[in-house]
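In this chain, numbering begins with 1 at the start of the sequence shown. Quick caveat: nothing in here was measured; it's all calculated off a predicted structure.
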Amino acid sequence: MGVANNITAVLNFIAFLCSIPIIAAGIWLASKPENECIHLFRWPVVLLGFLILLVSLAGFVGAYWYKETLLAFYLCCMAILIGLLLILLVFAFVVTRADGGYDVPGRGYREYRLQGFSAWLRNHVVYSKNWDKIRPCLAETDVCSKMTQNYITADQFFMAHISPLQSGCCKPPTVCGYNYVNPTLWLNPVNPAADPDCYLWNNDQNQLCYNCNACKAGLLGNLRREWRKTNVILIVAVVVLIWVYVIACSAFKNAQTEDLFRRYKQGWV
């Protein structure tokens with residue numbers, strides 16, 4: 001195996017290693033309660049990671065045994081996968097750029113307005129018929145029930161850094177003026193006309209604020225926060241993959257030159 005093929009094999013091993021954090025990030029995203037209810041966002045990262053893993057293995061085999069056709073296949077497929085990963089990164093950045101969160105005086109958590117998020121997220125997640133399936137799915141998770149175990153007193157809860165989903169779905173908006181009993185039980189609002197969601201709050205543990213716009217905004221807030229974290233991993237991975245791909249292309253050309261020169265010497269002798 002020539003020097004160029006050795007380099008290509010090592011580079012493909014690096015690409016193989018890059019696929020592991022991509023797959024891990026995708027599995028982490030898919031395991032989140034809200035993503036279990038939104039199938040659109042569950043598997044694209046995992047799928048891309050597995051495809052990069054398989055293509056990298058094909059490139060490694062092609063470089064190690066110098067299968068020129070397999071190497072050409074690897075270079076073509078990897079270019080497509082890097083392009084798809086870049087498209088996913090740009091798309092995720094654009095649709096999660098807007099943040100509908102705002103600070104609440106005297107509270108450790110933030111609350112969220114639906115209008116503060118991107119139109120694409122609103123149209124494809126909460127303004128579509130999908131919400132009729134998402135709402136009962138969220139109600140079946142332990143997102144809200146966990147709060148009653150973690151926070152006992154009002155002071156504990158008010159200073160807690162709860163998730164956007166918990167802030168929107170598990171309690172009424174602060175502006176309503178409900179009196180705290182426990183994190184998912186609130187009574188006697190003093191300002192129910194302040195927000196339409198005030199009338200939608202229900203102490204039934206299967207309803208709570210799952211019909212509220214605040215819950216929809218909280219769901220988008222969770223999606224935004226988790227995709228922004230995932231984007232950091234994807235950015236690092238795509239930079240390494242581009243670097244690997246550029247060097248692999250050069251090594252592939254050098255391997256072809258070495259092979260041509262070797263054949264020329266054999267023919268001359």
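- In this structure the side chain of L53 reaches within 4.5 angstrom of the side chain of F16, judged on heavy atoms.
- Residues I14 and W243 meet the side-chain proximity criterion, which asks for heavy atoms closer than 4.5 Å.
- Checking side-chain atoms of E111 against main-chain N and O of G101 turns up no donor-acceptor pair under 3.5 Å.
- Residues M159 and I152 fall into different hydrophobic clusters, defined by Ile, Leu, Val, Met, Phe, Trp and Tyr side chains chained together at heavy-atom separations under 4.5 Å.
- Using a distance-only test at 3.5 Å, with no hydrogens or angles considered, no donor-acceptor pair links the side chain of Q205 to the main chain of A139.
- Looking only at distances, a side-chain donor or acceptor of N179 sits under 3.5 Å from a matching main-chain atom of N188.
- Remark: side-chain polar atoms of H161 are not paired, donor with acceptor, to backbone N or O of Y109 under 3.5 angstrom.
- Taking the six-membered ring for Trp and thresholds of 30 and 60 degrees, F158 and Y180 have ring planes more than 60 degrees apart, a perpendicular arrangement.
- Annotation: the span from R122 atom CZ to L114 atom CG amounts to 6.5 Å, rounded to 0.5 Å.
- Between C144 and C169 the SG-SG gap reaches or exceeds 2.5 angstrom.
- The pair K216-D197 fails the salt-bridge criterion, with no side-chain N (NZ, NE, NH1 or NH2) lying under 4.0 Å from an Asp/Glu carboxylate O.
- Applying the side-chain contact (heavy atoms from CB on, under 4.5 Å) test between V45 and each of L85, L88, I233, I27 identifies L88 as the sole match.
- Within the 4.5 Å cutoff, the side chain of Y74 has no heavy atoms near those of the V61 side chain.
- The shortest distance between side-chain heavy atoms of L81 and V55 falls below 4.5 Å.
- Here R224 contributes atom CZ and L219 contributes atom CG; the two are 14.0 Å apart, rounded to the nearest 0.5 Å.
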Please step through side chain to side chain contact (heavy atoms under 4.5 Å, CB included) for the pair F13 and L57, ending with a clear verdict.
CA-CA 8 Å; F13 182 71; L57 287 176; over 6 Å; no
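- C209 has its SG atom within less than 2.5 Å of the SG atom of C212.
- Cluster membership check: L84 shares its hydrophobic cluster with Y245, using side-chain heavy-atom separations under 4.5 Å among Ile, Leu, Val, Met, Phe, Trp and Tyr.
- Taking hydrophobic clusters as Ile, Leu, Val, Met, Phe, Trp and Tyr residues chained together by side-chain heavy-atom distances below 4.5 Å, V90 does not share a cluster with I82.
- If you take CG on D204 and CG on L185, they are separated by 11.0 Å, rounding to the nearest 0.5 Å.
- Exactly one of N222, L29, V95 qualifies for a side-chain contact (heavy atoms from CB on, under 4.5 Å) with W227. That residue is L29.
- Residues W28 and L47 share a single hydrophobic cluster, defined by chaining ILVMFWY side chains whose heavy atoms lie under 4.5 Å apart.
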For F50 and I22, run side chain to side chain contact (heavy atoms under 4.5 Å, CB included): C-alpha distance rounded to whole Å, both residues' side-chain angles, the deciding distance at 0.1 Å, then the answer.
CA-CA 8 Å; F50 271 113; I22 295 174; over 6 Å; no
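- Counting all heavy atoms, side chain and backbone alike, A98 lies closest to G116 at CB-O, 3.2 Å.
- W201 and N203 are linked by a side-chain donor-acceptor pair at a separation below 3.5 angstrom, with hydrogens and angles left out of the test.
- Atom-to-atom distance recorded for C215:SG and K171:NZ is 11.0 Å, nearest 0.5 angstrom.
- A parallel orientation is assigned to the rings of Y112 and F117, their planes being inclined by less than 30° (bins at 30° and 60°).
- A 4.5 Å side-chain heavy-atom check between C249 and L75 finds at least one atom pair inside the cut-off.
- A salt bridge does not link E140 with R135: none of the charged nitrogens is closer than 4.0 Å to a carboxylate oxygen.
- Taking CG of L165 as the reference point, atom SG of C170 lies at 6.5 Å (rounded to 0.5 Å).
- Nearest heavy atom pair, residue A194 against residue V175, reads CB-CG2, 3.6 Å.
- The CG atom of L17 sits 12.5 Å away from the CD1 atom of I52 when rounded to the nearest 0.5 Å.
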